[in-house]
2 protein chains.
Amino acid sequence: MSQTPKHSADAPVPTSTDVARLAGVSRATVSYVLNNTSAVRISEPTRRRVREAAEELGYVPHAAARSLRAGHSRMVLLPTAHVPVGPLYSRFLNEVQWALRALDYTVVQYGSLGLGADEAARAWAELRPVAVLSLGEIGLTPHGVRVLKRSGAKAVITLGPQRVEGAHALVMDQRAVGSAAAAHLLERGRRAIGVVVPAEPGLDLFSRPRLAGVRKAVARGGADARVEPLTMAYDEESAARLAADWRGLGLDAVYAYNDEYAQLLMRALQDAGVDVPGECAVVGADDLLLGKLLRPRLSTVHIELPTGREIAELVDRVVREPDGDVERHDLMAAHAVARESS
Amino acid sequence: MSQTPKHSADAPVPTSTDVARLAGVSRATVSYVLNNTSAVRISEPTRRRVREAAEELGYVPHAAARSLRAGHSRMVLLPTAHVPVGPLYSRFLNEVQWALRALDYTVVQYGSLGLGADEAARAWAELRPVAVLSLGEIGLTPHGVRVLKRSGAKAVITLGPQRVEGAHALVMDQRAVGSAAAAHLLERGRRAIGVVVPAEPGLDLFSRPRLAGVRKAVARGGADARVEPLTMAYDEESAARLAADWRGLGLDAVYAYNDEYAQLLMRALQDAGVDVPGECAVVGADDLLLGKLLRPRLSTVHIELPTGREIAELVDRVVREPDGDVERHDLMAAHAVARESS
DNA sequence: TTGAAAGCGGTACCAT
DNA sequence: ATGGTACCGCTTTCAA
């Protein structure tokens, strides 16, 4: 059980010099062999000796030294969100990583929880990533973008609700989500629409445009309709409090930000004796599995994200051609999925 | 498509040499000033000039160069799971990152999706992290651990269901979860216990020990009781299929891996006309909020994870004292939370 | 076919 | 109080 530390503390890390010495060649040759440099012909016996030496020593090249010499790296840095995001989002994030690695990038997530936006940008810049891809919540300011570009980042790309000056923007207009929800509710004849706005900080980057989307749809679609923002935290107490006062609000529908908040609120409403959908329609968003499991089944807004491959290819394109003006909007399609709660 | 690079497309990245030149001092002085080196006294006017020059150029030090020179880094690498994990887990992961950064480590997540275990270890080793902290699903083999240690990692720590030779292990015995669930069910008089085993690959590292825990508790507690493993995927069809055959299985209880699977299965059972808990008790795990929202309210197993700070401090300790024999077990406390579904 | 050597961006020792 | 310089590990001309 208790292992005696072998050569633990200070076995020096093998370098290409060690490999060269063991193989009886120069460091240059080691480099040629291990990188399969095509411009140089090395005899097969030599190659074998080098490979065996590397293997025997457990040699692993030093990425920092390599990229220092090369003057660039292939690291793509993904700042990770400050807020726990939903399953929809994390699946997407996984896809993007996978696709980037398929393009031979080294993908690294950097959790900047607790750092200010510019502090964070500076920390990222120290790593000299070739690209920074900010998904979702944007921890980037125009100044941060400048710092990153100055430090050699070829691509600084944001994918989210709003654009940041200097960065390539993939604008996913979250208003479409709110609009889809509201249009659906109006069509169902609802006229007084509550909109849940999560109390959790950081989510407002999504919730505000979604609310705006509701307002837009209502302004366009229903002259006699009204919109009522409702702050709610993701916990039972907050939902219960909201539900307790429900009748006083005079609402006949609620768009609850996403499916998880919708589940929470719907339960609270039911517990308070409010009939769903009779008295009040409920719509979520994200089209999670859980919506189908609820009773009544939860109406939702299905969101169509770009695929990970598309994003990865965009990153690659911008890295190769940093001056192309890439700004695209409305990458996000949203449509209502009517089920039983509305 | 010939692009005319407008300006600054490839303005060279400022180095400490540039700062030195602009400030009219040597690179050494720049280094002293910017690092507040206490062993050396630099006059205040000089300090100011250096700082202003750095500011003006937007100078950001090159982490790779620094750690190359220093011979070590303060990077902690967190391999990210191959499987989407629950909210419980991601909260924990965030905590750990935060705590590590408070100890002045640079935390980096490395998504190794699609890499073999040893391939991944090698990729991590290239970054020369001072520590690797593998949470949850373990993508580490004894060989991978050796590679990492050889490459200079002072700490290779696994926190999960099983230990890996050579690594410091924080063994969280998942059997405790299954045992708690089973003990609870036996106590309630149940005798034929189904155990949901997720079909999703990668989750078996958790599900198998949990199943084993159920078996252990049953063997100890109920001579006349039996255990029935039930494979189920996280989708409606799979759950419906299982529920359709339910009566043929002759079970009066089910431990459904975790709350999310439990929700899915409970819904399917109810839809199939199986009364919960009358005909069949259902228990989940993780004690998520959603359990309280279901009807009947979902009984669950509450899992007590170590805090992020504890983990971070352990990492730090091992980094400073790599030879200390750190292997701890049962960091995970689990106890049943009886609600209405059992 | 292979080797010697320069240099990437910092840091720290040793002079001055 | 500062500057000169060697060196970290690796790649890549240029010579031999």
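In what follows, every chain begins at residue 1, and chains take the letters A, B, ... in the order their sequences are listed. Everything numeric in this text was worked out from a predicted model, so none of it was measured.
- No salt bridge links A:Glu55 with A:Arg51; every basic N to acidic carboxylate O contact stays at or beyond 4.0 Å.
- Qualifying side chain to side chain donor-acceptor pair (under 3.5 Å) partners for A:Thr46, counting only residues two or more places apart in sequence or in other chains: A:Ser43.
- Under the rule for a side chain to side chain donor-acceptor pair (under 3.5 Å), the partners of B:Thr307 that lie at least two apart in sequence or sit in another chain are B:Glu310.
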Problem set entry | Under 4.0 Å protein heavy-atom contact, by nucleotide of nucleotides 7-16 of chain C - B base, S sugar-phosphate only | BBBBBBB---

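- For the salt bridge (Lys or Arg N to Asp or Glu O under 4.0 Å) condition, the pairs that include at least one residue of residues 18-47 of chain B, sequence neighbours left out, are B:Asp18-B:Arg21.
- With sequence neighbours left out, the side chain to side chain donor-acceptor pair (under 3.5 Å) criterion links A:Thr17 to no other residue.
- With axes fitted over five pairs at each extremity, the angle between the ends of the helix from C:dT1-D:dA16 to C:dT16-D:dA1 is 50° (10° resolution).
- By the salt bridge (Lys or Arg N to Asp or Glu O under 4.0 Å) test, A:Arg122 is found to be paired with A:Glu126, residues two or more places apart in sequence or in another chain being considered.
- Contacts of A:Glu52 classified as salt bridge (Lys or Arg N to Asp or Glu O under 4.0 Å), with partners at least two apart in sequence or in another chain: A:Arg48.
- In this structure A:Glu165 satisfies the salt bridge (Lys or Arg N to Asp or Glu O under 4.0 Å) test with no other residue, sequence neighbours excluded.
- Partners of A:Tyr105 under the side chain to side chain donor-acceptor pair (under 3.5 Å) rule, at least two apart in sequence or in another chain, are A:Asp316.
- Here B:Arg74 pairs with B:Asp104 under the salt bridge (Lys or Arg N to Asp or Glu O under 4.0 Å) rule; sequence neighbours left out.
- Bounding nucleotides for the chain A contact on DNA chain D, 5' to 3', at a heavy-atom distance below 4.0 Å, are D:dG9 to D:dT13.
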